[in-house]
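Reviewing the structure listed below.
Chain identifiers are assigned alphabetically (A, B, ...) following the order of the sequence lines, protein sequences preceding nucleic acid strands; residue numbering begins at 1 within each chain.
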There are 2 protein chains.
Amino acid sequence: MRLLPHPATEDIELTEVLRALSEPVRLEIAVRLDAAGEMTCTVAGDDLGVHKSTASHHYRTLRESGVVLTKQEGRLKYMSLRRDDLEARFPGLLDTVLSAARRVPVPAHAGR
Amino acid sequence: MRLLPHPATEDIELTEVLRALSEPVRLEIAVRLDAAGEMTCTVAGDDLGVHKSTASHHYRTLRESGVVLTKQEGRLKYMSLRRDDLEARFPGLLDTVLSAARRVPVPAHAGR
DNA sequence: CTCATAGTTGGATCGTTGTCAAACAATCGG
DNA sequence: CCGATTGTTTGACAACGATCCAACTATGAG
């Protein structure tokens with residue numbers, strides 16, 4: 001089991017987190033991770049309406065911004081929200097954003 | 001006293017709000033409006049380290065995303081946070097973002 | 001080893017965005 | 001009316017970002 005490179009909790013930048021979550025596809029991924037917990041990239045990115053390489057770029061953005069943690073197990077990569085880290089750094093932020101996203105669902109096929 | 005065009009409360013989009021606040025200059029403007037209440041563009045944009053036309057574009061982005069309300073009085077334009085509208089649409093969102101921004105101050109001269 | 005699966009990387013494209021400079025517009029004071 | 005103040009608009013430019021496609025890597029299954 002390997003862990004991919006992630007920013008330390010204290011290095012997570014607010015503007016980076018907001019930017020990451022301001023993209024409909026990425027916000028939808030975060031919503032799915034919130035609902036279902038840890039999941040593989042394939043599952044998280046299913047029916048998003050974008051090419052798998054595009055989705056991969058979004059996984060990277062989410063990881064590098066500090067929103068998700070990615071670990072590799074075998075040939076699968078599991079993503080999960082960095083709840084505790086985000087809560088420690090920006091209390092309440094993740095929850096309010098996800099609550100807001102649930103109120104106004106982001107369509108899976110946002111047709112960008 | 002004139003009001004500039006703004007999106008209706010129910011038309012405010014989460015991703016647009018997050019995108020607006022993900023830009024350091026705009027986030028700083030929001031923080032200032034939070035601290036000092038209604039203020040003119042000149043005051044809000046003082047010492048931001050960007051040209052006044054750049055600041056003007058940011059005012060527009062903040063307005064069009066639904067984050068601020070702008071009204072013209074004489075030759076001045078006053079901006080204020082749309083607290084109630086944002087609270088109604090995305091409860092807690094503005095406060096948590098501003099709290100987070102206060103924890104990790106956005107430098108006025110972010111040197112972009 | 002071979003093959004399929006899972007996901008990344010690189011290139012290309014195309015639209016968006018942040019920036020400055022300069023011109024413009026609108027308003028108020030004298 | 002004139003000039004100063006306040007802010008917007010337009011144009012140019014560079015950087016960024018989202019996207020797809022194709023090629024690639026890495027791993028586990030058979």
Please report the distance, rounded to the nearest Å, between [atom1] in [X] and [atom2] in [N].
X       : N      : atom1 : atom2 : value
B:Glu73 : D:dT5  : CD    : C1'   : 17 Å
B:Leu4  : D:dT8  : CG    : C1'   : 10 Å
A:His51 : C:dT9  : NE2   : P     : 15 Å
B:Arg63 : D:dT9  : CZ    : P     : 8 Å
A:Glu28 : D:dA18 : CD    : P     : 16 Å
A:Leu48 : D:dC20 : CG    : P     : 11 Å
A:Glu23 : D:dC16 : CD    : C1'   : 13 Å
A:His57 : C:dG10 : NE2   : P     : 9 Å

Using a cut-off of less than 4.0 Å, is there contact between a side-chain N or O of [X] and OP1 or OP2 of [N]?
X       : N      : value
B:Lys77 : D:dT8  : yes
A:Thr54 : D:dT19 : no
A:Arg60 : C:dT9  : yes

Considering only [options], which nucleotide approaches the side chain of [X] most closely?
X       : options                : value
B:Arg75 : D:dT10, C:dT17, D:dT6  : D:dT6
A:Lys52 : D:dT8, C:dG10, C:dT8   : C:dT8
A:Val50 : C:dT27, D:dT19, C:dC20 : D:dT19

Does a side-chain N-to-carboxylate-O contact under 4.0 Å join [X] and [Y]?
X       : Y       : result
B:Arg32 : B:Asp46 : no
A:Arg83 : A:Glu87 : no
B:Lys71 : B:Glu38 : yes

Between B:Arg19 and B:Arg2, just flag the one whose closest nucleotide in DNA chain C comes earlier from the 5' side. B:Arg19

I want to confirm an ordering. Mapping B:His58 and A:Ala55 to their closest nucleotides on DNA chain C, which one lands closer to the 5' end?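 Going by which nucleotide is closer to the 5' end, it is A:Ala55.
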
Gap separating the CG atom of B:Leu69 from the OH atom of B:Tyr78, nearest 0.5 angstrom: 14.0 Å

Could you tell me if A:Ser22 and B:Thr15 have a donor-acceptor pair between their side chains, going purely by distance under 3.5 Å? no

Residue pair A:Thr61/B:Tyr59 against DNA chain D: nearer the 5' end by closest nucleotide is B:Tyr59

Judged by each residue's nearest nucleotide on DNA chain D, which is more toward the 5′ side, B:Leu76 or A:Ser53? B:Leu76

